[in-house]
Asks: 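Once you've had a glance at the structure underneath, I'll fire off some questions.
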Amino acid sequence: MSIEFSYPISRRSLLGAGGGFLLATTLRARAAAPIDRRIVAAPTRARLAGVGHPETDVWAYDGTVPGPIVRLRQGVPARIVVENQLDQDTTVHWHGIRLPNAMDGVPGLTQPPIKPGESFTYEFTPPDAGTFWYHPHANSLEQLGRGLAGAVIVEEREPTMVDRDLLWLLADWRLTAEGEIAAGFGNRMEAAMSGRVGNTVTLNGRVSEEEPARAGERIRLRLVNGSLARVMALRFEGHRPVIVAVDGQPCDPHEPKGGRILLGPAMRIDIAFDLQGEPGRRYRVIDDFYDGLSYWVTQLAYDEKAPIRAHPPDAPLSPLRNPLPEPDLADAERHELTLQGGMMGGGGMAGMGGMMGGGMMEGGMMDMGGRAAWAINGMAMTGDGHAGMEPALTFQRGRSMVVTLRNQTAWWHPMHFHGHSMLVLSRNGAPVPHRQWQDTVLMAPKDAVEVAFVADNPGDWMLHCHVMDHQMAGMMTVLRVA
Ligand code: C2O
Ligand code: CU
């Protein structure tokens, strides 16, 4: 079994100078035994709104919402048995991890669905350290919406030096007055607009009043947007967080534009900062993405104690970069993927009628009457993945690709590509700085974004919008690396 030792470095070992740090690194090298664990998906109840509020029926991994943090190690083999105790098929997708196609968790496309009462063994060796997450890819609008999600932390070989390494998995729920999850997954009108945006945002599974802070601390905070559809723009009152990684991949450290951290569904952003607020004070963390609907996610609540250090430490904030293959831009093949459809955009719903051929319409449209609301390059693949999905593009293995994603619609779309990470080159003609690699690229209405990657991972890979109702309603395609 894996040996657990304190990570991140405890406050005490850091204060006790470099000695504790060295010890942790030595222990890690010895503890590189394969990771072996089991995760059970089953219904349970959770107290999302906190004490004094009703419990909610949820679907969960290992009985908790969110599921347990799956801790893996860069370059160390992992074996994870997923057992399905739901009354419907499921799978697990390890979002953002570059793994073999057969372990990608897309039903029909990469594996048979896990039937109720059965299990599936996922085996892979994560090449990249960073913040990832896991969720179902079967009936995913409802399964994610009822709580099936958890974070994956792939630990670096050389940990970054922080006092605390925190993770906030943010999730958005649509609850009724009785505290139950509202019915109506797959509402057709919503699916053609913003998707199922909820009314309750939780931080690690509960509505958060405050999170403890200590003046002078240096923290790394891993933000995961596990929402179905809610885009977030987070501001940390009184603080200046530095973005050190996007979608698990370290970037050049930089402060977010306008102090707002834009986090689309399925995206992760790691920030690092020194807590330089005043002891005893509270600072809000505000999400003001939707006009007029700003709210606070939580508050950083400083205790009364004096700062743990007088000045921020000298150590660099940023983790080491991952071994991503560098695309050869001069010799890259060029492709375009155009996002179409939705209400009041891209020619509207009416113009979509001619695009729905090709037998792509079967496959779990839920109650949407079999009609797609969205398409990519004129083709709508609906549902979650199923047998017989033909690739829209085929890439020669090992070739560099530059793909232009064009959003012709009037809506935001976080576009996720499985099995690869993409270097974001430009947005609307302007170069994107800080060398940001992403597996999920948030597209504003009418945006055009250029990404580059080496098609080095063989198999059929899904590319889709991570607003779950958009994916289910046609904003999905398959890219083949052969
Ligand atoms: Cu996080 Cu295809 O998904
Ligand atoms: Cu979308």
Side-chain angles (χ1 to χ4, degrees), residues 66-67 90-99 101 103-111 131-141 143-145 148-152 169 171 190-197 224-231 247-248 263-268 337-343 345-346 364 372-376 380-386 389 405-422 438-447 449 459-479:
T90 194
T91 61
V92 171
H93 171 57
W94 309 94
H95 183 120
I97 299 181
R98 299 186 295 136
L99 40 60
N101 190 258
M103 299 294 125
D104 198 41
V106 181
L109 192 69
T110 72
Q111 69 165 93
T131 308
F132 303 92
W133 69 302
Y134 62 105
H135 63 76
H137 226 296
N139 189 21
S140 48
L141 172 61
Q143 290 190 12
L144 179 60
L148 288 166
V152 179
L169 192 147
E190 235 165 38
M193 301 173 77
S194 61
R196 184 177 158 111
V197 176
V224 183
N225 185 347
S227 303
L228 288 176
R230 180 183 287 278
V231 182
D247 288 350
L263 199 66
M267 285 180 64
R268 289 89 61 216
L337 292 170
T338 303
L339 317 179
Q340 301 150 318
M343 297 291 282
W374 308 95
I376 299 177
M381 297 188 191
T382 57
D384 269 289
H386 41 90
M389 295 172 96
L405 295 158
R406 274 182 211 290
N407 182 5
Q408 284 186 351
T409 82
W411 303 92
W412 290 75
H413 305 288
M415 299 305 296
H416 172 47
F417 183 29
H418 287 210
H420 298 76
S421 189
M422 308 171 280
Q438 298 182 226
D439 55 64
T440 308
V441 177
L442 184 62
M443 312 273 302
K446 308 298 174 191
D447 261 4
V449 175
D460 283 358
W461 301 103
M462 201 169 260
L463 179 145
H464 62 87
C465 177
H466 223 287
V467 169
M468 280 299 166
D469 353 32
H470 291 181
Q471 178 212 287
M472 300 296 276
M475 194 167 282
M476 171 164 75
T477 192
V478 171
L479 307 179

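Worth saying up front: this structure is predicted, and the values here are computed from it rather than measured. Atoms within a ligand are numbered from 1 in the order they appear, just like the ligands themselves. If you read the sequence from its start, that first residue is 1, and numbering goes on from there.
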Asks: What angle, in degrees and rounded to 10°, do you get at atom 1 (Cu) of ligand 1 when you join it to NE2 of His466 and to NE2 of His135?
Replies: 100°
Asks: Can you confirm whether the side chains of His464 and His470 place a donor and an acceptor under 3.5 Å from each other?
Replies: no
Asks: Which atom, counting only N, O or S, brings His413 closest to the Cu ion (ligand 2)?
Replies: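 Atom name of the closest N, O or S in His413: ND1.
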Asks: May I have the angle between His470 ND1 and Cys465 SG with its vertex at the Cu ion (ligand 2), rounded to 10°?
Replies: 130°
Asks: Could you confirm whether His464 has any N/O/S atom lying under 2.8 Å from atom 2 (Cu) of ligand 1?
Replies: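 Here the distance criterion (N, O or S atom, under 2.8 Å) is met by His464, so yes.
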Asks: Looking at side-chain heavy atoms only, is the closest gap between Asp104 and His93 below 4.5 Å?
Replies: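 Counting from C-beta outward, Asp104 and His93 do come under 4.5 Å.
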Asks: Contact between Met422 and Met415 at the side-chain level, heavy atoms closer than 4.5 Å - yes or no?
Replies: no
Asks: Side-chain contact, heavy-atom cut-off 4.5 Å: Ile376 with Met475?
Replies: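 Heavy-atom side-chain distance check passes, below 4.5 Å.
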Asks: Would Leu263 and Val231 satisfy side chain to side chain contact (heavy atoms under 4.5 Å, CB included), going step by step from the backbone distance to the final call?
Replies: CA-CA 6 Å; Leu263 199 66; Val231 182; over 6 Å; no
Asks: Give a yes or no on whether His95 keeps an N, O or S atom under 2.8 Å from atom 2 (Cu) of ligand 1.
Replies: no
